[in-house]
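A quick write-up on the structure given underneath.
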Amino acid sequence: MAGIKDVAAEAGVSVATVSRVLNDHPSVSAAARARVLAAVEALGYRPNAVARSLRTDQTHTLGLVISDVLNPYFTELARSVEEEARALGYSVIIGNADERPDLQDHHVRNLLDRRIDGLLVSPTDGGSPLMLDAARGGTPMVFVDRWIPGVDVPVVRSDGRAAVRDLVAHLHRLGHRRLAIIAGPAATTTGRERVDAFREALGAYGLELPDAYIGQGDFQAESGRRVTEGFLDLPEPPEVVFAADNLMALGALDALRARGLRVPRDMALAAFDDIRWFVHTDPPITAIAQPTGDLGRAAVRALVDRIEGRTPHSVTLPARLVVRRSCGEDPAENPARNRSQS
């Protein structure tokens with residue numbers, strides 16, 4: 001592989017001149033610049049990114065720590081982050097926390113050691129000293145989807161409260177009165193926020209959310225299965241289960257099918273975080289969709305603003321209800337609303 005000395009010899013200039021050309025220094029003559037660039041092309045020379053980062057104090061690399069790479073929501077988020085970063089001249093290194101605070105901190109530590117220019121994180125909890133130190137120590141950082149209250153870091157997220165109200169109104173129109181929720185971890189902002197929004201929406205119709213109808217999940221499928229089995233064993237099971245994320249909804253569906261029950265005939269099912277799979281289940285699942293691609297792109301732009309000296313801003317985008325047939329809907333009533341827009 002050609003090195004910088006080979007380029008200098010091919011172009012008939014000094015190594016210092018090659019370095020100035022590669023760093024776009026204005027002191028190089030047009031003729032010398034042309035010879036260097038021709039030599040770079042002829043030899044297929046690629047500058048050493050690590051060495052360049054030591055000179056410029058920039059690696060043009062972003063870190064992204066997501067909560068669960070197996071969750072289709074975060075997979076789509078990561079894809080949009082990588083695409084937007086590439087368009088802005090940055091590469092992305094991804095770490096999967098697997099909903100574990102210790103693994104989250106492992107990835108954050110490794111990314112900081114690699115001298116990334118900035119960090120995107122969807123926190124698994126709000127108590128990581130490493131994360132707090134990094135944010136308060138000046139590391140360019142943006143929280144995406146979830147956030148840590150009280151930390152002065154831009155947050156890019158969706159607001160699902162209006163969509164949850166729309167869901168509860170929809171369920172009420174269908175005649176459902178006993179509504180339960182499979183909640184996400186209380187240590188996460190999204191886990192708490194979705195339960196609060198659901199309770200408030202029920203209250204608008206004079207409906208309560210008893211403790212027995214709140215099942216504690218962890219945003220993974222097995223917890224959705226376990227919580228749904230508990231609901232089914234109640235003396236008066238709920239009519240509807242609202243899963244606070246897509247994987248827990250799939251776990252709930254497994255639990256119902258394992259007992260020979262049908263959705264929505266025996267129990268209705270709805271979910272937060274729409275995914276492409278939901279249109280292929282039988283029946284297709286009514287869900288709240290987040291603007292995932294827009295969130296990823298907005299998060300990258302906010303982080304690059306911070307890195308490049310501009311003022312970043314928090315961004316909140318609305319989620320929306322996608323009506324399908326898992327809650328007893330009549331598909332002939334409004335066919336357009338039953339098409340997946342995910």
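Excluded from the calculations below are hydrogen atoms, water molecules and symmetry mates; all remaining heavy atoms, backbone and side chain alike, are included.
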Pairwise distance CD1(Ile93) to CG(Leu62) - rounded to 0.5 angstrom: 9.0 Å
Any side-chain heavy-atom pair from Val304 and Arg310 closer than 4.5 angstrom? yes
Backbone N/O of Ala135 and side chain of Thr139: donor-acceptor pair under 3.5 Å: no
Between the main-chain N or O of Pro312 and the side-chain N or O of Arg306, is there a donor-acceptor pair closer than 3.5 Å? no
If hydrophobic clusters are built from ILVMFWY residues whose side chains come within less than 4.5 Å, do Leu179 and Val241 share one? yes
Without swapping roles, check the side chain of Ser314 against the backbone of Val155 for a donor-acceptor pair under 3.5 Å. yes
Is there a path from Val153 to Val121 through hydrophobic residues (I, L, V, M, F, W, Y) whose side chains come within less than 4.5 Å of each other? yes
Thr228 and Gly224 have their tightest heavy-atom pair at OG1-O, 2.7 Å
Is there a side-chain contact between Asn246 and Tyr73 in this structure, where contact means two heavy atoms from C-beta onward sitting under 4.5 Å apart? yes
Just so I know, are the side chains of Arg199 and Ile214 near enough to count as touching, which here means a heavy-atom distance under 4.5 Å? yes
Between Thr17 (side chain only) and Val13 (backbone N and O only), is there a donor and an acceptor less than 3.5 Å apart? no
Any donor-acceptor pair under 3.5 Å from His107 side chain to Asn96 backbone: yes
Looking at Ala255 and Glu229, what are the two nearest heavy atoms and their distance? CB-CG, 4.0 Å
If two hydrophobic side chains count as joined below 4.5 Å and joins carry through other members, does Val195 share a cluster with Tyr205? yes
Any donor-acceptor pair under 3.5 Å linking the side chain of Gln220 with the backbone of Leu247? no
Look at the side chain of Arg146 and the backbone N and O of Ser122, then say whether any donor-acceptor pair between them is shorter than 3.5 Å. no
Here the gap from Thr75 atom OG1 to Leu70 atom CG, rounded to the nearest 0.5 Å, amounts to 7.0 Å
Quick check: closest heavy atoms across Pro264 and Pro283, and the distance to 0.1 Å? CD-CG, 4.1 Å
Do Asp125 and Gln104 make a side-chain contact, defined as non-hydrogen atoms from C-beta onward lying under 4.5 Å apart? yes
Salt bridge (Lys or Arg N to Asp or Glu O under 4.0 Å) for Glu222 and Arg226? Distances and angles first, verdict last. CA-CA 6 Å; Glu222 179 55 37; Arg226 170 180 48 78; 5.9 Å; no
Salt bridge (charged side-chain N to carboxylate O under 4.0 Å, His left out) against Asp102, all qualifying residues, sequence neighbours excluded: Arg100
Taking Arg320 for its side chain and Ala289 for its backbone only, find out whether a donor-acceptor pair lies under 3.5 Å. no
Carboxylate-amine/guanidinium proximity below 4.0 Å for Arg161 and Glu200: yes
Would you say Phe219 and Pro185 make side-chain contact, with heavy atoms under 4.5 Å? yes
Hey, does Leu321 have a side-chain heavy atom less than 4.5 Å from the side chain of His170? yes
Closest approach of Val263 and Ser326, non-hydrogen atoms and distance? CG1-O, 3.4 Å
Report yes if the side chains of Arg177 and Glu239 come closer than 4.5 Å at any heavy-atom pair, otherwise no. yes
Pairs in or reaching into residues 250-269: which pass side-chain hydrogen bond (donor to acceptor under 3.5 Å, both in side chains), with residues at least two apart or in two chains? Arg225-Asp254, Asp233-Arg259
Please state whether the rings of Tyr213 and Phe231 are parallel, tilted or perpendicular, taking 30° and 60° as the class boundaries. perpendicular
For Leu295, run the side-chain contact (heavy atoms from CB on, under 4.5 Å) check against Thr316, Val156, Val300 and tell me which one passes. Val156
Test log, rule side-chain contact (heavy atoms from CB on, under 4.5 Å), inputs Leu171 and Phe242: CA-CA 10 Å; Leu171 296 172; Phe242 172 46; 5.8 Å; no
Hey, is Arg79 close enough to Glu83 for a salt bridge, meaning N to O under 4.0 Å? yes
Nearest-0.5 Å distance, CZ of residue Arg325 to OG1 of residue Thr281: 9.0 Å
Under a 4.0 Å threshold between the charged nitrogen and the carboxylate oxygen, would Arg301 count as salt-bridged to Glu308? no
Among Leu303, Val65, Ile66, Leu77, side-chain contact (heavy atoms from CB on, under 4.5 Å) partner for Val144: Leu77
What are the two closest non-hydrogen atoms of Ala270 and Leu167, and how far apart are they? CB-CD1, 4.0 Å
Val227 vs Gln216, side-chain contact (heavy atoms from CB on, under 4.5 Å): CA-CA, chis, key distance, verdict: CA-CA 7 Å; Val227 169; Gln216 189 60 60; 5.7 Å; no
For the pair Thr286 (side chain) and Cys327 (backbone), establish whether a donor and an acceptor sit closer than 3.5 Å, ignoring hydrogens and angles. no
Decide whether Ile94 and Leu111 are clustered together by the hydrophobic rule: side chain heavy atoms of Ile, Leu, Val, Met, Phe, Trp, Tyr closer than 4.5 Å, transitively. no
Does the side chain of Gln290 pick up a donor-acceptor pair with the side chain of Asp273 at under 3.5 Å? yes
Show, in sequence, the C-alpha distance, side-chain angles and deciding distance for Tyr90 and Ile307, and conclude whether the side-chain contact (heavy atoms from CB on, under 4.5 Å) test is met. CA-CA 11 Å; Tyr90 289 81; Ile307 292 167; 3.7 Å; yes
Atom CZ of Arg178 and atom CE of Met267: how far apart are they, to the nearest 0.5 Å? 8.5 Å
Where do Leu174 and Gly328 come nearest, in terms of heavy atoms and distance? CD2-O, 4.1 Å
Salt-bridge criterion met for Glu193 and Arg157 (N-O under 4.0 Å): yes
Taking Met141 as the starting point, is it possible to reach Leu88 by hopping between hydrophobic residues whose side chains are less than 4.5 Å apart? no
Side chains of Ser67 and Thr124 only: does a donor on one sit below 3.5 Å from an acceptor on the other? no
From CZ (Arg86) to CD (Glu84), nearest 0.5 Å: 10.0 Å
At what distance, to the nearest 0.5 angstrom, does CD1 of Ile275 lie from CG of Asn71? 7.5 Å
Hey, are the side chains of Arg136 and Leu132 touching, using non-hydrogen atoms and a 4.5 Å cut-off? yes
Please check: side-chain N/O of Thr61 versus main-chain N/O of Val92, any donor-acceptor pairing under 3.5 Å? no
For Thr292 and Phe74, run side-chain contact (heavy atoms from CB on, under 4.5 Å): C-alpha distance rounded to whole Å, both residues' side-chain angles, the deciding distance at 0.1 Å, then the answer. CA-CA 8 Å; Thr292 314; Phe74 286 110; over 6 Å; no
Sequence neighbours excluded, which residues qualify as salt bridge (charged side-chain N to carboxylate O under 4.0 Å, His left out) partners of Glu76? none
